[in-house]
Amino acid sequence: MTDKTPRLTTTGGAPVPSNNTTQTAGERGPALLQDYQLIEKLAHQNRERIPERVVHAKGWGAFGTFTVTNDITHLSRAKVFDTVGKKTEILSRFSTVAGELGAADAERDVRGFSVKFYTEEGNWDLVGNNTPIFFVRDGYKFPDFIRTQKRHPKTNLRSPEAMFDFWSAHPESVHQVTILMSDRGIPVNPMHMHGYGSHTFSVWNKDGVRHWVKFHWRSQQPIKNYTNAEAENLIGKTRESYQEDLYNAIDEGNFPKWKLCIQAMPEEDALKVPYNPFDLTKVWPHADYPLIEVGEMELNRNPENYFVFVENAAYSPSNIVPGIGFSPDKMLQARVFAYADAHRYRLGTHYEALPANAAKNAPVNHYHKDGSMRFFTNDFGNPDAYYEPNQWNGPTADPEVKEPPLKISGDADRYVQEDKDADYVQPRALFNLLPQDEKERLFSNFGAAMGPCSDGVKERWLAVLKRVHPDYEAGVRKALQTDSDVNAISVTDDTEVTAK
Ligand code: NDP
């Protein structure tokens with residue numbers, strides 16, 4: 001020990017005499033229970049893990065800056081957008097959906113794309129994916145869907161049979177499954193993919209005028225993806241390619257950037273467009289609602305501690321700020337509850353007070369009280385002000401930040417089903433815009449993914465594809481008749497990393 005070396009202490013701060021030798025009864029006797037430091041050290045190791053996320057367990061994240069580049073104050077009163085040039089600190093987290101905490105990064109899967117904005121009116125979480133849509137449009141379906149992506153209860157293996165059985169019973173999933181099986185199903189790393197808020201949200205301005213909005217993160221790095229064979233080859237060498245790529249890029253000063261854009265739909269258009277604008281399985285065509293630039297995000301700081309700032313980061317669509325709101329999107333409404341609840345379970349009652357989640361630029365004044373990890377004081381300088389309303393000038397609600405009233409219309413059927421024919425229109429538009437070489441890879445990716453499925457499930461899914469486009473069904477049927485392994489490898493013979 002030198003003068004400069006800090007003294008090792010107990011968790012209570014008392015200096016520790018030894019970190020090597022268990023106290024024993026006599027020179028060769030058994031250990032003493034009074035060696036509290038030994039017990040404390042072992043007990044802490046036993047408690048180093050928290051439950052991993054049920055979905056989006058494996059993730060990569062970084063801090064950065066969001067800068068406003070275009071004035072949208074006519075659309076939103078959110079302070080984060082109020083001045084061109086304004087900068088707000090953000091914390092991002094990207095993830096795969098199905099794989100566990102130790103899963104390989106470069107697997108075919110949807111990617112989570114979450115950004116926490118530490119705004120001056122509280123934290124705004126934009127918790128989306130690298131796809132503009134999702135597999136299902138109703139929160140009722142989410143637990144069943146995720147079950148099919150996880151391990152079979154008996155074999156403990158992933159089950160293509162379950163995945164395609166579920167998808168073929170939910171034809172609205174064909175839009176997202178098409179993206180998943182396309183080139184964009186395996187981005188080379190988070191920097192080379194777009195992000196989307198996916199849901200329809202709302203914004204309102206200072207006059208109380210509401211627009212429905214979709215959020216888009218447009219990568220300023222070229223879109224780059226791996227083929228199945230390239231990914232398999234990479235995973236054979238490293239399972240941590242995303243962490244390596246993102247961490248090293250930032251460490252070397254190559255800061256990745258995304259433009260934030262919105263599509264904005266006047267409130268009354270919601271009843272006029274030929275698709276349900278609140279259906280998470282549908283996009284809004286760009287021709288109808290062009291992208292409006294809002295700002296730019298740059299990731300420029302690796303967190304000092306992965307667990308503290310990435311594993312503990314708790315994103316929830318329930319975190320909105322005045323000027324940004326929800327919509328009748330059923331999946332969004334389910335997520336507003338489910339995400340915050342997942343964090344209460346995974347991190348604890350007061351997860352919002354953890355360093356990754358605590359508001360940095362806004363005062364936090366609430367009357368929630370005790371519970372595990374209550375390490376904040378909210379007595380507002382007066383211990384008598386612990387309920388509301390009170391005579392002690394404790395915090396009160398501000399009606400000025402109320403969102404404008406929502407006009408409700410329609411019949412009284414609370415279980416209304418969507419028009420199933422509409423489910424095939426947008427996947428068809430996507431299929432039609434793919435160049436022939438990407439279509440061929442799409443077919444072969446289905447061949448590899450569906451190879452293990454039963455004939456019954458294959459035929460049911462092929463029937464769904466036929467309703468999208470006869471060429472789609474024919475291409476996948478042909479790929480299924482080829483040996484799926486040979487098929488997957490042959491794609492790479494003439495395919496390098498795909499850049500568009
Ligand atoms: P556009 O031609 O204006 O846009 C097509 C969009 O598709 C672009 O954003 C393009 O991204 C993206 N794209 C290209 N290849 C893929 C792929 N393999 N997986 C996912 N996205 C891809 O057409 P529309 O707006 O009229 O939409 C047509 C179809 O494009 C939709 O039905 C939908 O399937 C898909 N799409 C639409 C989006 C939207 O918000 N309107 C967003 C993403 C996809 P890029 O610009 O990088 O080439």
Side-chain angles (χ1 to χ4, degrees), residues 108-111 113 126 128-135 137 171-188 190-201 211-228 231 256-265 269 273-294 327 329 421-446 449 464-465 467-469 472 475-476 491 495 497-500:
R108 183 170 295 280
D109 199 351
V110 170
R111 266 64 179 168
F113 194 119
L126 189 50
N129 281 329
N130 70 330
T131 59
I133 49 166
F134 195 61
F135 298 93
R137 55 175 153 247
E172 72 267 32
S173 67
V174 70
H175 198 185
Q176 175 83 322
V177 178
T178 300
I179 295 179
L180 178 64
M181 294 296 160
S182 79
D183 283 357
R184 298 195 188 192
I186 319 180
V188 298
M191 296 176 284
H192 292 278
M193 64 190 198
H194 300 315
Y196 303 87
S198 305
H199 296 285
T200 297
F201 292 88
H211 280 75
W212 306 115
V213 288
K214 294 275 196 191
F215 291 99
H216 297 246
W217 291 107
R218 303 282 304 171
S219 176
Q220 299 304 290
Q221 297 67 241
I223 298 301
K224 286 189 188 173
N225 307 292
Y226 287 130
T227 62
N228 277 355
K257 297 184 175 70
W258 287 260
K259 286 229 180 292
L260 179 66
C261 300
I262 56 169
Q263 291 175 288
M265 178 187 286
D269 277 20
V273 288
Y275 45 87
N276 179 350
F278 308 119
D279 177 346
L280 184 55
T281 66
K282 309 281 187 299
V283 297
W284 298 355
H286 291 123
D288 296 351
Y289 297 97
L291 296 183
I292 302 166
E293 185 177 323
V294 179
S327 82
D329 176 337
D421 287 340
D423 290 336
Y424 301 94
V425 173
Q426 294 193 354
R428 190 172 305 129
L430 177 60
F431 182 75
N432 284 334
L433 69 79
L434 298 180
Q436 192 55 35
D437 61 329
E438 188 170 349
K439 282 196 180 103
E440 296 297 333
R441 290 191 292 276
L442 174 73
F443 301 151
S444 99
N445 291 338
F446 268 111
V464 171
L465 298 185
R467 289 192 66 181
V468 176
H469 200 295
Y472 197 176
V476 174
V491 181
T495 311
V497 172
T498 308
K500 287 179 93 188

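One-based numbering, in listed order, for ligands and for the atoms of each.
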Exercise for the section: Start with the C-alpha gap between Tyr424 and Val464, add the side-chain angles, then the distance that decides, and say whether side-chain contact (heavy atoms from CB on, under 4.5 Å) holds. Expected result: CA-CA 9 Å; Tyr424 301 94; Val464 171; 4.1 Å; yes
Exercise for the section: Check the pair Glu438, Gln436 against side-chain contact (heavy atoms from CB on, under 4.5 Å), reporting the backbone distance first and the verdict last. Expected result: CA-CA 5 Å; Glu438 188 170 349; Gln436 192 55 35; over 6 Å; no
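Using a 4.0 angstrom heavy-atom cutoff, Tyr289 does not count as in contact with ligand 1. Ala287 does not count as a contact of ligand 1, since none of its heavy atoms falls under 4.0 Å from the ligand. Ligand 1 does not have Lys282 within reach: every non-hydrogen atom of the residue lies 4.0 Å or more from it. Distances from ligand 1 to the non-hydrogen atoms of Leu434 include at least one value under 4.0 Å. The closest approach between a heavy atom of Arg218 and any atom of ligand 1 is below 4.0 Å.
By the 3.5 Å distance cut-off applied to N or O atoms, His286 is counted among the residues near ligand 1. Considering backbone and side-chain N/O atoms, His175 comes within less than 3.5 Å of an N/O atom of ligand 1.
Rounded to the nearest 0.5 Å, atoms NE2 (His211) and CD1 (Ile292) are 8.0 Å apart.
Listed by number with element, the atoms of ligand 1 under 4.0 Å from a non-hydrogen atom of Ser182 are 17 (C), 18 (N), 19 (N). Annotation for ligand 1: atoms under 4.0 Å from non-hydrogen atoms of Glu438 are 18 (N). Set against the non-hydrogen atoms of His194, the atoms of ligand 1 under 4.0 Å away are 45 (P), 47 (O). Atoms of ligand 1 found under 4.0 Å from any heavy atom of Gln426 (numbered from 1 in listed order, with element): 32 (O), 34 (O). Ligand 1 places these atoms under 4.0 Å from at least one heavy atom of Ile179: 19 (N), 20 (C).
Note on ring orientation: taking the six-membered ring where Trp is involved, the planes of Phe431 and Tyr472 are parallel (angle under 30°, cut-offs 30° and 60°).
Residues Arg108 and Asn228 bring a donor and an acceptor atom of their side chains to less than 3.5 Å of each other.
With a heavy-atom cut-off of 4.0 Å, Pro285 touches ligand 1 through backbone and side chain alike. The proximity of Lys214 to ligand 1, defined as any non-hydrogen pair under 4.0 Å, does not occur for either the backbone or the side chain. The residue Thr131 has no part lying near ligand 1, judged by heavy-atom distances below 4.0 Å. Of the heavy atoms in Trp284, only backbone atoms (N, CA, C, O) come closer than 4.0 Å to ligand 1.
The shortest side-chain heavy-atom distance between Val273 and Asp288 does not fall under the 4.5 Å cut-off.
Note on Arg137 versus Asp329: no salt bridge recorded, every NZ/NE/NH1/NH2 to OD/OE distance being 4.0 Å or above.
Both the sub-6.0 Å distance and the 45° axial angle are not jointly satisfied by Lys214 relative to the ring of Tyr196.
Every residue meeting the ring pair (Phe, Tyr, Trp, His ring centres under 6.0 Å) condition with Trp258, not counting sequence neighbours, appears here in chain and number order: Phe94, Phe113. Under the rule for a ring pair (Phe, Tyr, Trp, His ring centres under 6.0 Å), His192 has no partner lying at least two apart in sequence or in another chain.
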